[in-house]
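Accompanying notes for the structure given below.
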Amino acid sequence: MKKLINGAGSVVTDALRGIAAAHPGLRVDPENRIVLRASGPRPGKVALVSGGGSGHEPLHGGFVGYGMLDAACPGEVFTSPVPDQVIEASTAAHGGAGVLHVVKNYTGDVLNFRMAAELCAEEGLEVASVLVDDDVAVLDSLHTAGRRGTGATVFVEKIAGALAETGAPLAEVARVAREVNARSRSFGVALSACTAPAAGKPTFELSEAEVELGIGIHGEPGRSRSAMRGARELAGAAVEAIDEDQPVSGDVLVMLNGMGGTPLIELYVAFAEVAGHLADRGARVVRSLVGNYVTSLDMQGFSVTVCHLTDELTRLWDAPVETPALRWGR
Amino acid sequence: MDADFFVAWIEEAARSVRDRKDELTRLDAAIGDADHGSNLDRGFTEAVKALGDRRPGTPGAVLALVGNTLIRKVGGASGPLYGTAFREAGKALGEAPEVSAGDLAGALAAGVDAVRRLGSAAEGDKTMVDALAPAAEALAEAVRAAPESPGAAVAEGRGPAGALEAAAAAALKGAQATIPMQARKGRASYLGPRSVGHQDPGAASAALIVRALCTVAAR
């Protein structure tokens with residue numbers, strides 16, 4: 001598998017150097033792997049800090065900026081960051097009003113953020129955490145690691161970030177973040193596996209005639225494999241899985257997310273079908289996002305995330321944002 | 001067993017993880033995200049480096065430094081889990097300059113308990129606990145069966161080697177026993193029934209690390 005890299009060992013650092021060169025609005029520390037707003041912490045504003053494995057770009061570094069995150073800590077490819085990164089990012093982003101950690105529900109992310117939060121608390125930093133777990137492909141149970149955090153992370157970071165800009169207190173920002181997560185559901189479909197630079201070959205084999213349903217964002221196989229079908233049927237499978245878990249209705253915000261290796265034209269083909277299936281079920285798509293936002297390296301495929309909006313959430317979604325990957329209204 | 005013995009253990013574990021890196025990654029690719037081998041290799045390489053930079057004087061301090069390094073450098077779930085296991089094992093050994101096989105059995109048990117707590121994992125969940133718990137039990141059992149002379153640290157190569165052989169065998173057996181299990185913790189749990197038929201990579205690496213202990217004791 002050909003990769004546009006200098007070497008598998010330096011991919012994350014090299015990419016961070018590129019992010020630094022491309023986005024003067026960010027302050028990037030490639031060595032310690034932290035992405036901050038160049039403008040520094042704003043006194044009295046709750047700081048939003050997120051992070052996770054690399055390979056999901058633009059998540060999370062691409063969402064640092066006005067109206068969204070204050071800091072991001074990228075780990076190795078598909079590996080959560082270490083507590084040191086999270087502590088340093090939290091300390092650097094802290095504006096005196098507390099820090100909200102946005103954590104995707106994976107064992108590694110949860111453990112590393114928890115250790116970091118405990119150490120931050122020992123140093124007198126007020127930290128709250130919100131766990132994102134929107135993926136309906138994973139059956140939630142007390143006896144498993146629980147649902148994965150996937151596409152809803154973008155909604156949580158955007159909407160909670162907008163509220164934080166208004167000067168809302170930590171408890172309020174955390175409440176809205178949790179509400180967005182509770183109102184959001186996702187489902188992903190892979191047309192191919194992805195290839196991690198260090199592994200050099202695809203994480204699983206998928207023939208031309210097959211798709212994986214219910215994939216996560218780390219190249220892990222999904223819950224089941226089925227015959228390759230057209231966009232209408234695949235979009236239908238995703239909407240049906242979401243609807244079974246949380247019946248779709250009313251005004252919804254929908255993200256049709258590309259996994260990294262699927263062209264935008266196909267994502268729009270899929271979005272048309274998703275919108276149709278949602279309309280058939282009585283939901284109204286009032287806000288949408290189509291593109292590569294929570295990727296899985298070069299995986300071909302897409303995920304659908306549906307968030308049931310309220311007036312407050314719609315207003316916060318519409319609020320200005322200025323980050324490398326999302327920008328409007330400013 | 002003194003600080004040098006424990007440093008030698010970590011060096012041997014690092015060597016073993018490096019040699020089997022691709023195999024661990026292959027196991028992880030089947031039911032996880034294909035990075036267990038490279039992550040552990042990175043972590044143990046850093047641990048060996050840290051021990052070289054600042055060699056601690058007691059077995060407890062060696063394990064504490066290894067644990068802290070793994071927490072700081074590895075990431076993922078295995079960093080905090082292995083890191084905490086080594087830290088808690090180190091704490092259990094206290095500040096003694098030499099420790100017995102019985103002390104080590106206690107430390108291993110403390111390490112396993114820490115992993116159980118932090119990962120909310122029990123035996124049968126298809127995790128590293130499935131290799132570590134039987135190893136700790138086998139070591140404790142072997143020490144009970146051949147009690148050491150009171151107060152004396154057992155000379156290297158005699159008592160501990162046999163007890164540690166039992167622990168390494170139990171860890172390997174435990175790791176292999178994860179193959180038919182359905183994962184209930186960690187990333188493999190997302191696969192549900194599809195996780196059956198694959199060895200858990202964390203249990204496999206745990207067995208390697210316990211085996212390294214035995215290899216060093218037999219020298």
Side-chain angles (χ1 to χ4, degrees), chain A residues 8-9 33 51-55 73-86 106-116 135 137-139 141-148 193-204 214-225 296, chain B residues 21-22 24-26 28-43 45-46 67-84 87 115 117-122 124-128 182-195 198 202:
Chain A
R33 299 188 170 178
S54 293
C73 354
E76 281 294 321
V77 171
F78 293 168
T79 302
S80 71
V82 296
D84 282 9
Q85 280 172 278
V86 180
Y106 298 96
T107 310
D109 294 72
V110 170
L111 292 180
N112 285 282
F113 271 92
R114 190 197 298 163
M115 293 193 153
D135 180 9
V138 176
L139 296 182
S141 146
L142 286 176
H143 306 293
T144 68
R147 297 167 183 272
R148 294 175 286 221
C194 63
T195 300
K201 50 182 190 290
T203 48
F204 55 86
I215 45 126
I217 54 173
H218 299 94
E220 64 269 51
R223 281 198 76 80
S224 64
R225 190 165 285 197
S296 189
Chain B
K21 184 170 109 170
D22 293 344
L24 292 174
T25 292
R26 240 189 339 270
D28 197 23
I31 54 172
D33 57 355
D35 64 3
H36 191 56
S38 46
N39 281 345
L40 266 200
D41 179 32
R42 188 158 40 82
T45 303
E46 291 285 348
N68 287 335
T69 307
L70 294 178
I71 290 174
R72 296 173 73 113
K73 301 290 182 188
V74 178
S78 54
L81 289 168
Y82 272 124
T84 302
R87 265 167 57 121
V115 171
R117 273 198 310 275
L118 188 60
S120 314
D125 284 348
K126 197 176 182 108
T127 70
M128 59 172 75
Q182 178 169 333
R184 288 195 289 256
K185 292 290 171 197
R187 217 163 260 176
S189 71
Y190 304 139
L191 297 179
R194 289 176 90 189
S195 63
H198 303 276

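Below, each value reflects all heavy atoms present in this structure, side chains not excepted, and no hydrogens, waters or symmetry copies. Below, read A as the first sequence line, B as the second, and so on, with proteins coming before strands; counting in each chain starts at 1. Everything quoted here is computed from the prediction, not taken from an experiment.
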For [X] and [Y], which heavy atoms make the closest approach, and how far apart are they?
X: A/T203; Y: B/A34; value: CG2-CB, 4.2 Å
X: B/G75; Y: A/V82; value: N-CG1, 3.3 Å
X: A/F78; Y: B/D35; value: O-OD2, 3.3 Å

>> Tell me which of these, B/R26, B/R42, B/K73, has more heavy-atom pairs under 4.5 Å with chain A than the rest.
In response: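 Looking at each option in turn, the highest pair count goes to B/R42.
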> So which of B/T25, B/D28, B/N39, B/I31 has the biggest tally of heavy-atom pairs under 4.5 Å with chain A?
Replying inline: B/N39
What part of [X] gets closer than 4.5 Å to chain A, counting heavy atoms only: side chain, backbone, both or neither?
X: B/S78; value: neither
X: B/A30; value: backbone
X: B/R72; value: both

Tell me which donor-acceptor pairs under 3.5 Å the side chains of residues 106-115 of chain A have, and how far apart each pair is, sequence neighbours excluded?
{"residue": "A/Y106", "atom": "OH", "partner": "A/G149", "partner atom": "O", "Å": "2.8"}
{"residue": "A/N112", "atom": "ND2", "partner": "A/S80", "partner atom": "OG", "Å": "2.8"}
{"residue": "A/N112", "atom": "ND2", "partner": "A/G108", "partner atom": "O", "Å": "2.8"}
{"residue": "A/N112", "atom": "ND2", "partner": "B/G76", "partner atom": "O", "Å": "2.7"}

>> Tell me every residue that passes side chain to side chain donor-acceptor pair (under 3.5 Å) with B/S120, counting only those two or more places apart in sequence or in another chain.
In response: none
